[in-house]
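All ligand and atom numbering here is 1-based and tracks the order in the structure. Values below: every heavy atom of this structure, side chains too, minus hydrogens, waters and symmetry copies. What you see is a predicted model, and the numbers here were worked out from it, not measured in a lab.
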Amino acid sequence: MSSQAPIRRITAPQIRARKGGDPIVSLTSYPAHTAAIVDRYADFILVGDSLGMVMHGMDSTVGVPLDLMIMHGRAVVRGTKRALIVVDMPFGTYEESPEVAFRNAARIMKETACGAVKLEGGARMAETIRFLSERGIPVMAHIGLTPQAVNTMGGFKVQGRDEAAWAMHLDDARAVAEAGAFALVVEGVVEPLADKITAAVEIPTIGIGASKTCDGQILVLEDMLGLNPRVPKFVKIYGDLGPAIERAVAAYAEDVTARAFPGAEHIYKPSRD
Ligand code: KIV
């Protein structure tokens with residue numbers, strides 16, 4: 001029998017305790033196979049509702065159904081051992097009331113076995129964040145550019161260009177931290193505002209298109225692998241996999257067309273008679 005201790009997953013309180021410490025590494029993942037690779041490097045993996053746009057060709061995240069998030073959440077939990085898995089609550093599943101949010105968040109936690117949920121919104125979601133956190137559901141908050149609000153924002157727009165709005169974003173950050181969120185995604189805000197938000201709250205900030213002073217960073221995996229045709233400007237491409245996949249698919253098509261595709265001869269042993 002092996003004497004090795006079982007690998008324990010990173011928990012939401014452990015992420016919370018990283019405020020001001022070593023930067024928190026995180027990425028999104030939607031299927032089990034990429035999640036298994038990301039798991040070796042990331043402190044948490046987000047099953048983001050960006051999957052609607054990145055994997056399912058939607059124009060925004062507004063149409064993502066809860067069942068789809070649960071299906072991908074399950075796959076990512078199955079494919080990983082170490083990272084905290086955070087699953088996004090999709091649009092329409094938490095805004096109505098804390099009770100509705102609890103019911104849907106509890107479904108996500110029970111049916112995926114993830115360790116936390118994420119929801120978008122600042123001060124207006126504080127009551128819901130408190131309600132969930134006090135009832136056993138760790139909540140990651142998300143402020144700044146909140147993609148589920150694309151229709152009221154009038155597009156995916158960088159926030160805080162006008163300094164007059166900074167106080168509102170800072171109030172949002174303080175409200176969700178005070179309500180019990182264990183971490184806060186700060187997306188698409190001008191750098192000096194992201195710096196102020198990080199300094200203003202006692203929970204870790206996770207930047208995306210924000211600032212390097214955030215307590216951690218997150219990227220959409222397909223964006224940094226060059227697999228998303230609509231990559232935001234701030235994303236550094238760490239591996240341009242699109243051309244490599246295209247070369248492999250073209251070579252396969254050529255083999256099939258030329259009847260050079262290996263058949264089953266290597267596994268077929270003709271009988272002696
Ligand atoms: O849905 C998502 O992938 C996200 C990240 C961009 C933070 O919310």
Return the CD1 to CG distance between Ile206 and Leu184, rounded to the nearest 0.5 Å.
8.5 Å

Pair Thr80-Arg9, side-chain donor/acceptor within less than 3.5 Å:
yes

Would you check if there is a donor-acceptor pair between the side chains of Thr198 and Thr213 at a distance under 3.5 Å?
no

Those atoms of ligand 1 less than 4.0 Å from some heavy atom in [X]:
X	value
His142	8 (O)
Gly48	1 (O), 2 (C), 3 (O)
Thr28	3 (O)

Could a heavy atom of Lys118 be found less than 4.0 Å from some atom of ligand 1?
yes

Test: Arg16 and Asp215 ion pair at under 4.0 Å
no

Identify whether the distance between the nearest side-chain nitrogen and carboxylate oxygen of Arg124 and Glu95 falls below 4.0 Å.
no

Residue-level breakdown please: for [X] versus ligand 1, do any non-hydrogen atoms fall below 4.0 Å on the side chain, on the backbone, on both, or on neither?
X	value
Asp88	side chain
Leu51	neither
Asp49	both

Report the nearest protein non-hydrogen atom to [atom]: residue, atom name, distance rounded to 0.1 Å.
atom	result
atom 2 (C) of ligand 1	Ser50 OG, 3.2 Å
atom 6 (C) of ligand 1	Ile208 CD1, 3.5 Å
atom 5 (C) of ligand 1	Leu46 CD2, 3.7 Å

Are Leu227 and Ile237 connected into the same hydrophobic cluster when the rule is that any two of I, L, V, M, F, W, Y join if their side-chain heavy atoms are below 4.5 Å apart?
yes

Give a yes or no on whether the backbone of Glu222 and the side-chain of Asn228 come within a donor-acceptor separation of less than 3.5 Å.
no

